[in-house]
Amino acid sequence: MIDNDRLKDILVQYKSEFVEKQWPNEKYKWEAVKCFQDNWDVNAVDFAEMLNRSLAKTGNLLASYNNFPGMMICEFAQSYPEEIRAMFLSLYDESKDVFERMNAFKMQSGVLLEKYGNGAAQHYQYENAISVYLWLRFPDKYYIYKYSEVKAVSRELRANYGFKKGAITENLHNFLDLYNELNDVLKQDEELKQLLQSVLTDTCYSDPELKALTIDVGFYISRHYGQNNNVIKEESEWYGTEYDPGLTVDDWAELLKDASVFTDGALQIMKRMMDFGGTATCSQLAEKYGMKMDFYMSGSVALAKRVCKKKGIMPDARENGSNSWWRVLYTGRYAKKEEKGVFAWKLRDELSEALDEFDLSGVALYAAETEEEDIAIHGMTPDDNFEFSSSLIERYTKETFLDEVYMTEERYNALVAVLRNKKNIILQGAPGVGKTFTARRLAWSMMGMKDDSRIEFVQFHQNYSYEDFVMGYKPVKDGFELQYGIFYRFCQKAANQPDKDFFFIIDEINRGNLSKIFGELLMLIEKDHREEKATLAYSGMPFSVPNNLYIIAMMNTADRSLAMIDYALRRRFSFFEIEPGFDTNGFIEYQNSLHSETFDELVNKVKELNQTISRDKSLGKGFCIGHSYFCGMDICTDEQLRDTVEYDILPMLNEYWFDEPDKYQRWKNILQGVFQ
């Protein structure tokens, strides 16, 4: 059942906008039906030409971003007219169950693609397109089905019809029941019927049963009414009000004084939230005050975790068992149309009141992005007070690492222990597991701060040499000059500050000629030979690798074009597998924050794909698809996800299964099918 009072309120606005706003943009729907009815002849001699004429005015009903069912069915009809004629004859056979007919049409399209597709990736004939064909032929009986649209209509009308990704048959039944109920209400609205009659022309279908009008009202509800009134996706509803962390104003005041809970970064977030008015999205905070959105997102989660640990309270739990940490600090709602971002946080009343009484005058309101800004703000140079300058660097802890890198605490502890023990480690893993992302954050977490002055980054390639890495003669104006390489200079820098850890990060370590690049340093980088001196070939001077320098390297296990890493170097490094983090708590929390069913379904398909890759004897788990392809999104759109599939994942699969085109095509269809 739908909420009739709610529908009546919506129809008031729909009718007020119908003639001037709605009809000029949506008239083509009525014209598409008239065009189809005037041209359809299933027994036409030239079936393909007839089908083209019949679908000529469907516009975006059968074409959208990267989705062209109308064009594809016409191309099939051009090459195989009798097969397509038979499919439409079956689809339009009203003596059979409509859902069976739709499924048969879809399955037969898959058969045609496999037999005659000539390399085409998709047939695009899914429930949305097939429902359009049915509606065009029987416009007094059927409606157009689009999952996201009908789900929004059901939610907006507070109906009790459920829609779930993948439950196609159940969804179609509920869709017809919902739209039939909506249609019954529209038939009773004389004013609306008169409005429709006043705008219909000879080029339009007369719509006696108001099925096209029902489709248009559904479209309006899902796209226009909800957005104009800031209620789509329940934007006006605040989440988190049902959860109470049980903290009073005095509790928050006590926590604010505890520097181990409210770190400098946490206080910056609080001050900026207060300055913005107590309600803001991460995008708004990043845009106005500086730092990336992740600073506010991850910082708030980390703060909430510290609060829960300090006070012994439980965070709010979601239905899937994961924790909703942000609700400890905020309530929230979907961002309004005019707000930048997806989700807005509002400081809890008790926390806001405690912040009103807390002295935040010494906390930075705007992020200082350069050393020059720090000097300008604080009126001193680094030489004036090195310790003060160091205190300006953002702290970075194990907890921060676990918030940002999708790895379990046990794996992190093991990773740090291995690196501490061996001094040299290679992070290996599948494409997109975040090896480079992990390496820098591993260094930060072991330093306890984001001090990039103690990190050096280099990428190996086939032309990289000892002269680039250690030292060598380079041409200058008057001849050649002995110049020091990047590793030599960094070792000297680390040796001058023996009380601090330094990290040398090497990307794509297996792409270089390792013996040629390291030379005599192969021995010196070993843990047992640190601080030992060796004579360098070019300078004849003694040199050693300091104890406080750690080497973190990365290699891609799916790079089959490269030889295995040199054995002499292999025994000097520990190897640590970085695995896809789809099932970690951090990724699950990130996934839930996006509120995207398409994202959820695509991740599930990729997890199934990884199982197939792991079982493949020619591949194995080192070739799995990593989670980082799906990270870093504040706003998740189908377009972003399509691009990831089309330009990142599918080219990789094509390389994996270049000699198994059927397997590649199957997974290509599965991944692209998520967007139907």
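Just the heavy atoms: all of them, side chains too, but no hydrogens, waters or symmetry mates, feed the values below.
Partners of E149 under the side-chain contact (heavy atoms from CB on, under 4.5 Å) rule, at least two apart in sequence or in another chain, are K146, Y179, F219, S222, R223. Checked against ring-ring contact (aromatic ring centres under 6.0 Å, His included), W444 has the following partners two or more places apart in sequence or in another chain: Y396. Partners of L402 by side-chain contact (heavy atoms from CB on, under 4.5 Å), not counting sequence neighbours, listed by chain and number: K398, E409, Y412. Listed by chain and number, the residues in a side-chain contact (heavy atoms from CB on, under 4.5 Å) with N604 are K607 (sequence neighbours excluded). Among residues two or more places apart in sequence or in another chain, the ring-ring contact (aromatic ring centres under 6.0 Å, His included) test is passed with F99 by H173. By the ring-ring contact (aromatic ring centres under 6.0 Å, His included) test, Y243 is found to be paired with no residue, residues two or more places apart in sequence or in another chain being considered. Residues forming a ring-ring contact (aromatic ring centres under 6.0 Å, His included) with Y161 (at least two apart in sequence, or on another chain): none. Applying the side-chain contact (heavy atoms from CB on, under 4.5 Å) rule to T644 yields the partners Y629, F630, D648, I649; only residues at least two apart in sequence or on another chain are considered. Applying the side-chain hydrogen bond (donor to acceptor under 3.5 Å, both in side chains) test to D403 and every residue at least two apart in sequence or in another chain returns K305.
Remark: the backbone N or O of W657 is not paired with any side-chain donor or acceptor of E660 at under 3.5 angstrom. S90 places no side-chain N or O within 3.5 Å of a backbone atom of M87 that could act as its donor or acceptor partner. Panel note: side chain T281, backbone Q284; a donor-acceptor pair is recorded below 3.5 Å. Side-chain atoms of R327 do not come within 3.5 Å of backbone N or O of P315 as any donor-acceptor pair.
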Test side-chain contact (heavy atoms from CB on, under 4.5 Å) applied to V433 and E577, step by step: CA-CA 10 Å; V433 292; E577 188 79 23; over 6 Å; no

side-chain contact (heavy atoms from CB on, under 4.5 Å) evaluation trace for L62 with Y124: CA-CA 9 Å; L62 290 173; Y124 303 105; over 6 Å; no

Audit row: Q672, L650, side-chain contact (heavy atoms from CB on, under 4.5 Å) steps and yes/no: CA-CA 10 Å; Q672 290 178 331; L650 290 181; 3.8 Å; yes

side-chain contact (heavy atoms from CB on, under 4.5 Å) between L427 and L415, intermediate numbers included: CA-CA 9 Å; L427 307 180; L415 175 58; 3.8 Å; yes

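Among pairs with a residue in residues 429-442, those fulfilling side-chain hydrogen bond (donor to acceptor under 3.5 Å, both in side chains) read E404-R441, R440-D452, at least two apart in sequence or across chains. Here salt bridge (charged side-chain N to carboxylate O under 4.0 Å, His left out) pairs that include residues 610-632, with residues two or more places apart or in two chains, are D616-K663.
Closest non-hydrogen pair, G434 versus S628, comes out as N-OG, 3.9 Å. Across all non-hydrogen atoms, the minimal contact from Y143 to K211 is OH-NZ, 2.8 Å. Nearest approach of G162 to N171, heavy atoms of both residues: O-OD1, 3.9 Å. Heavy atoms only, all atoms of each residue included: G673 and Y126 are closest at CA-OH, 4.5 Å. In terms of heavy-atom proximity, G429 sits nearest to N556 at O-OD1, 3.3 Å. Annotation for C636 and F599: closest pair SG-CD1, 3.8 Å, computed over non-hydrogen atoms.
Counting heavy atoms from C-beta on, the side chains of F163 and S154 come closer than 4.5 Å. Using a 4.5 Å heavy-atom threshold, the side chains of E170 and N174 count as touching. Counting heavy atoms from C-beta outward, F675 and L602 have side chains that approach closer than 4.5 Å. When side chains are defined from C-beta on, L641 does not count as touching V645, because their heavy atoms never get closer than 4.5 Å. No side-chain heavy atom of L182 sits under 4.5 Å from any side-chain heavy atom of L178. Under the 4.5 Å side-chain criterion, counting only non-hydrogen atoms from C-beta, K141 is not in contact with V98. Residues M633 and S596 form no side-chain contact, since every pair of their non-hydrogen atoms from C-beta on lies 4.5 Å or further apart. A 4.5 Å side-chain heavy-atom check between Y406 and C631 finds at least one atom pair inside the cut-off.
A centroid separation of 6.0 Å or more is found between the aromatic rings of Y147 and F175.
Side-chain contact of Q665 with N669: a donor-acceptor pair under 3.5 Å is present, judged by distance alone.
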Extract all donor-acceptor atom pairs below 3.5 Å that involve side chains of residues 130-137 and protein atoms in other chains or at least two apart in sequence.
unit_1: S131; atom_1: OG; unit_2: E127; atom_2: O; d: 3.2
unit_1: S131; atom_1: OG; unit_2: N128; atom_2: O; d: 2.7
unit_1: S131; atom_1: OG; unit_2: Y145; atom_2: N; d: 2.9
unit_1: Y133; atom_1: OH; unit_2: Q125; atom_2: OE1; d: 2.7

